There are 2 protein chains.
Amino acid sequence: MSQDPSSRQPVGPPSSDRQPPERPSGERRSDNTLAALVAAEGARPKTATEFVEATLKKGILSGALPAGMALRQEDLAREFGLSRMPIREALRQLEAQALIDFTAHKGAVVTEISLEDALDLFAIRRALETAAFALSIPNLSPDDLGRAVEVIAEIDTEADAGRLGQLNRQFHMTLYARAGRPKLLTLVEAQLASYDRYLRFHLSAEGREQMAQDDHRAMVEAAATRDVAGAIAVLERHIDTAADALTRFYAMRDGAAQVE
Amino acid sequence: MSQDPSSRQPVGPPSSDRQPPERPSGERRSDNTLAALVAAEGARPKTATEFVEATLKKGILSGALPAGMALRQEDLAREFGLSRMPIREALRQLEAQALIDFTAHKGAVVTEISLEDALDLFAIRRALETAAFALSIPNLSPDDLGRAVEVIAEIDTEADAGRLGQLNRQFHMTLYARAGRPKLLTLVEAQLASYDRYLRFHLSAEGREQMAQDDHRAMVEAAATRDVAGAIAVLERHIDTAADALTRFYAMRDGAAQVE
DNA sequence: TTTGCTAAGATTGGATCCAATCAACATTGG
DNA sequence: CCAATGTTGATTGGATCCAATCTTAGCAAA
């Protein structure tokens with residue numbers, strides 16, 4: 001990281017002395033929600049590009065950067081206190097992860113989320129997670145199951161909706177972790193992360209009962225007794241239920257008011 | 001595309017007047033196999049970055065850029081007739097696709113292929129492709145099945161081992177195409193593309209009978225009669241057989257001679 | 001008023017330059 | 001003679017500058 005503290009801000013948490021209530025040049029599309037994100041990012045990776053990528057990724061998955069938002073390189077560079085170059089490289093990686101849409105001379109936009117994409121994602125999750133769960137169950141230790149139970153409890157007490165997605169991801173990954181297939185697990189985690197955006201969208205309107213904690217408990221129960229078929233059945237039902245609920249939610253929303 | 005034909009080569013197929021039998025400065029790590037690839041790439045995308053990405057991707061999947069090969073930015077830039085910048089951005093995207101390993105100040109290396117990764121990949125393929133196939137079968141038209149049969153025939157007559165992987169991918173995708181889940185299909189195709197590297201590795205040592213054309217025919221047959229369960233069973237066996245064969249191949253190779 | 005064209009501004013793509021990091025080699029002290 | 005250390009070359013990370021393209025506002029003609 002070739003950061004020169006004399007001429008530029010350090011790449012870490014820049015203590016938010018960016019530009020307090022001052023708008024640089026008229027409007028600001030990718031506005032100050034970014035500034036909070038930049039300040040929040042605690043541990044900084046080795047390179048500025050990685051830092052930008054991690055920050056933007058977290059922002060998109062957490063919903064701080066909403067779908068459809070334009071990401072102007074110049075603005076981002078100013079807010080991060082960097083040049084446009086690390087921004088561009090980070091955007092490239094986010095594009096390969098399908099988190100943003102990149103058009104040739106038009107720029108980057110946070111990928112839209114639609115019901116079709118959500119159903120697509122549920123199909124992928126169903127296929128991948130049942131496979132991972134089946135492979136993992138025989139190798140799960142009592143310790144693993146204990147951690148899963150703890151996460152269930154955390155979900156019940158967690159107030160921040162933003163952290164619920166993270167905890168949900170953590171719960172599922174704990175149960176899959178012993179599958180012994182690193183690439184499969186990486187894929188599963190990526191899909192679960194994508195799912196965060198839909199989950200938040202849904203949770204913000206409906207209650208936290210959408211988390212289906214009963215299913216979570218049933219999954220741990222079945223895993224504890226090494227009942228692979230039963231556990232898979234619960235997981236499939238869990239995902240199908242979520243898909244149905246989200247479908248109903250979209251139908252209701254679109255039926256009630258034509259939002260754009 | 002800000003190509004200036006007077007000072008630089010056009011970005012398309014540069015008619016291979018790069019540097020014929022002349023080595024620029026001593027050695028060349030990412031050597032002239034690249035030159036052929038650059039010249040071969042027919043249609044050129046809009047930007048240089050996309051061109052570089054597509055070319056490198058094809059090179060890696062086709063085996064022209066073998067696993068473990070270091071990709072020096074400077075060398076690539078010279079061979080493509082571009083600056084290092086589009087190279088860097090292309091490498092970023094390839095890294096997000098797990099085709100190369102990127103280390104902070106060390107550079108990019110074509111991802112190694114190992115038996116463990118292959119088994120990982122087989123597990124992923126089994127999960128995703130069975131799901132896609134099941135969704136697609138009810139919607140397959142006679143036309144689709146006809147195309148699948150044609151591809152089977154092509155595989156029988158194709159001599160070039162490099163194209164076999166592509167045809168194999170095409171066959172499978174034809175059967176999955178009506179799943180109606182774009183993101184799922186994109187994922188499946190990406191995994192099949194990754195599989196190309198292992199398939200080639202295997203085919204180069206054993207014969208083309210590794211393609212298991214009987215399984216392919218059985219898959220079309222089951223799909224034609226809308227026998228979803230039967231088709232899935234064949235596909236699972238197909239993938240498991242390939243996994244077992246590759247495992248035996250690795251065991252034999254490692255047992256016979258300790259190749260590095 | 002509307003439609004088509006033109007030109008200026010905004011924004012991204014690409015090139016070149018400089019700084020930071022890493023690896024290998026030489027050097028010196030034990 | 002070996003190990004720790006300084007030094008130099010190679011290579012990547014980041015910044016700045018220029019070129020190409022897209023968008024939009026303005027204007028003219030139908």
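Both backbone and side-chain heavy atoms feed into the values below; hydrogens, waters and symmetry mates do not. Because the structure is a prediction, the values reported are computed rather than measured. Residue numbers start from 1 in every chain, and the chains themselves are labelled A, B, ... in the order their sequence lines are given, proteins ahead of strands.
- Looking at A/Arg84, its side chain has no donor and acceptor atom pair within 3.5 Å of the base of D/dG14.
- For A/Thr49 and D/dG14, the shortest distance from a side-chain N or O to OP1 or OP2 is below 4.0 Å.
- To the nearest angstrom, C1' of D/dG14 lies 15 Å from CD of A/Glu74.
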Problem - Full working for salt bridge (Lys or Arg N to Asp or Glu O under 4.0 Å) between A/Lys57 and A/Glu53 - result: CA-CA 6 Å; A/Lys57 184 170 185 173; A/Glu53 190 210 344; 5.1 Å; no

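- Within the 4.0 Å cut-off from OP1 or OP2 of C/dG13, at least one side-chain nitrogen or oxygen of A/Gln73 is found.
- Figure legend: cation-pi geometry between A/Arg169 and A/Tyr195 absent, as NZ or CZ is not positioned both under 6.0 Å from the six-membered ring centre and within 45° of its axis.
- Closest to the side chain of A/Phe102, out of C/dG13, D/dC22, D/dG14, is C/dG13.
- Distance B/Lys46 NZ to C/dG13 P: 13 Å, rounded to the nearest Å.
- Nucleotide D/dC22 holds its P atom 10 Å from the NZ atom of A/Lys106, rounded to whole Å.
- Within the 4.0 Å cut-off from OP1 or OP2 of D/dT12, at least one side-chain nitrogen or oxygen of B/Arg72 is found.
- Atoms CD1 (A/Ile87) and C1' (D/dG13) sit 14 Å apart, rounded to a whole Å.
- As rounded to whole Å, 11 Å separates atom C1' of D/dG14 from atom CZ of B/Arg92.
- Looking at B/Arg88, its side chain has no donor and acceptor atom pair within 3.5 Å of the base of C/dG14.
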